[in-house]
Novice: 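Here you go, one structure.
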Amino acid sequence: MKKVLVVEPDAAAAEMTAGDLRRQGYVAHTVDRGARILRTYHDADLVLLSLDLPDLDGLEVCRTLRAESDIPLIACTHRDNELERVLALKAGADDCVLRTWGPREIGARIEAVLRRTRPQSVGADSISLRPLHIDPRTREVRLRDRVVDVTATEFELLYTLAARPDSVVSRKELMAKVWGSNWVRTSRTIDTHVSSLRAKLGSSRWIITVRGVGYRMGHVGQMPETSVG
């Protein structure tokens, strides 16, 4: 059974979340301080982290966890604020959700993040959209020989788009393939991750918005050229 560490200063909310996760088959433990999570996360398979901590800045905890480990990390916030979600993703979170989740939603989110952070199959194809190179075996993204530091979710999103460089991928398909969800109310998370990827790739032209439909890969400099191997 997978172990989830719930980091939440509100004791009642923490126990409610932990109870929901236990009923879904997870082993769940709770802590209420950022300092404690930094001492205890090593035994967990995933961290569910409230950004509203009483002792440390939640974003700084995200950065510290990501600097020390590749443990799957879901940040949660009480505020429906795009900037906060973007900052959490840039700080290293694999996903960022509103604290108003239902028990089935958070369980599905955890499953999706754990699925994405497992290594890709050996037979997966590498992709080259020069000068962008994506290797699913090493989970590495390179742009002009520079390694781009992406989260597991960002990697899956970029790989899904790059695997079909001449096609528009709908928002619904992206939600299903990357997040394991068809829920319309969570689709804004796509925009947040796309924004983060564009910033890391240094140009909005790498990922093109097709209004009313979804997204497609663009290019910077040379036209994209796909190679498999």
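On a predicted model such as this, the values are computed, not experimentally measured, just so you know.
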Novice: Of all residues at least two apart in sequence or in a different chain, which pass the side chain to side chain contact (heavy atoms under 4.5 Å, CB included) check with Asp10?
Specialist: Glu8, Ala12, Ala13
Novice: Search all heavy atoms of Ser126 against all heavy atoms of Pro136 and return the closest pair with its distance.
Specialist: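 Here Ser126 and Pro136 meet closest at CA-CD, 3.6 Å.
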Novice: Could you list the residues that satisfy side chain to side chain donor-acceptor pair (under 3.5 Å) with Glu140, not counting sequence neighbours?
Specialist: Arg142
Novice: Applying side chain to side chain donor-acceptor pair (under 3.5 Å), can you list everything that pairs with Arg216, at least two apart in sequence or on another chain?
Specialist: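 Arg216 satisfies side chain to side chain donor-acceptor pair (under 3.5 Å) with no residue once adjacent residues are dropped.
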Novice: Does Asp149, at its CG atom, have more than 12 non-hydrogen atoms belonging to other residues, nucleotides or ligands within less than 6.0 Å?
Specialist: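 No, not enclosed.
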Novice: Would you call Arg36 and Asp32 a salt bridge, taking side-chain N to carboxylate O under 4.0 Å as the test?
Specialist: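 Looking at Asp32 together with Arg36, the answer is yes, because their closest N to O distance falls below 4.0 Å.
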Novice: Taking salt bridge (Lys or Arg N to Asp or Glu O under 4.0 Å) as the cut-off, I'd like each qualifying pair that reaches into residues 22-31, sequence neighbours left out, listed once.
Specialist: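 Only Glu15-Arg22, Asp20-Arg23 qualify under salt bridge (Lys or Arg N to Asp or Glu O under 4.0 Å).
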Novice: Transitive ILVMFWY cluster of Leu89 at side-chain heavy atoms under 4.5 Å: who else is in it?
Specialist: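 None; Leu89 is a cluster of one.
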Novice: Of all residues at least two apart in sequence or in a different chain, which pass the side chain to side chain donor-acceptor pair (under 3.5 Å) check with Asp52?
Specialist: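 In terms of side chain to side chain donor-acceptor pair (under 3.5 Å), with neighbours along the sequence ignored, Asp52 is linked to Arg79.
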Novice: Evaluate the criterion salt bridge (Lys or Arg N to Asp or Glu O under 4.0 Å) for residue pair Glu60 and Arg63; output intermediate values, then yes/no.
Specialist: CA-CA 5 Å; Glu60 190 57 39; Arg63 294 186 191 97; 3.1 Å; yes
Novice: Quick one: list whatever passes side chain to side chain contact (heavy atoms under 4.5 Å, CB included) with Ser204, sequence neighbours left out.
Specialist: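 Counting only residues at least two positions away or on another chain, Ser204 forms a side chain to side chain contact (heavy atoms under 4.5 Å, CB included) with Arg198.
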Novice: Just to verify, which of Thr160, Leu132, Asp166, Ile208 counts as forming a side-chain contact (heavy atoms from CB on, under 4.5 Å) with Met217?
Specialist: Leu132
Novice: Let me see the working for Asp125 and Arg137 under salt bridge (Lys or Arg N to Asp or Glu O under 4.0 Å), right down to the final yes or no.
Specialist: CA-CA 8 Å; Asp125 297 326; Arg137 299 177 183 85; 5.2 Å; no
Novice: Does Ile71 sit in a hydrophobic cluster with other residues, and if so which ones, taking ILVMFWY side chains as linked at heavy-atom separations under 4.5 Å, directly or through other members?
Specialist: Leu5, Val7, Val31, Ile37, Leu38, Tyr41, Val47, Leu49, Leu53, Leu56, Val61, Leu65, Leu73
Novice: So which residues get pulled into Val147's cluster when ILVMFWY side chains under 4.5 Å apart are joined, directly or through others?
Specialist: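 None, because no other hydrophobic side chain comes under 4.5 Å of this residue.
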Novice: Given a cutoff of under 4.5 Å between side-chain heavy atoms of I, L, V, M, F, W and Y, with clusters grown through shared members, what are the other residues clustered with Val168?
Specialist: Val210, Val213
Novice: Indicate yes or no: does Asp94 engage Arg66 in a salt bridge with an N to O separation below 4.0 Å.
Specialist: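 Looking at Arg66 together with Asp94, the answer is yes, because their closest N to O distance falls below 4.0 Å.
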Novice: Verify, without hydrogens or angle tests, whether Asp55 (side chain) and Gly34 (backbone) share a donor-acceptor contact under 3.5 angstrom.
Specialist: yes
Novice: List for me each residue that meets side chain to side chain contact (heavy atoms under 4.5 Å, CB included) alongside Lys90, sequence neighbours excluded, and say none if there are none.
Specialist: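 Lys90 satisfies side chain to side chain contact (heavy atoms under 4.5 Å, CB included) with Val86, Ser196, Ala199 only.
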Novice: Determine whether Leu46 and Trp101 fall in the same hydrophobic cluster, where Ile, Leu, Val, Met, Phe, Trp and Tyr are linked whenever their side-chain heavy atoms lie under 4.5 Å apart.
Specialist: yes
Novice: Would you call Arg115 and Glu156 a salt bridge, using N to O less than 4.0 angstrom?
Specialist: no
Novice: Go through the structure and list residues passing side chain to side chain contact (heavy atoms under 4.5 Å, CB included) with Ser167, not counting sequence neighbours.
Specialist: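 Only Arg164 meet the side chain to side chain contact (heavy atoms under 4.5 Å, CB included) criterion with Ser167.
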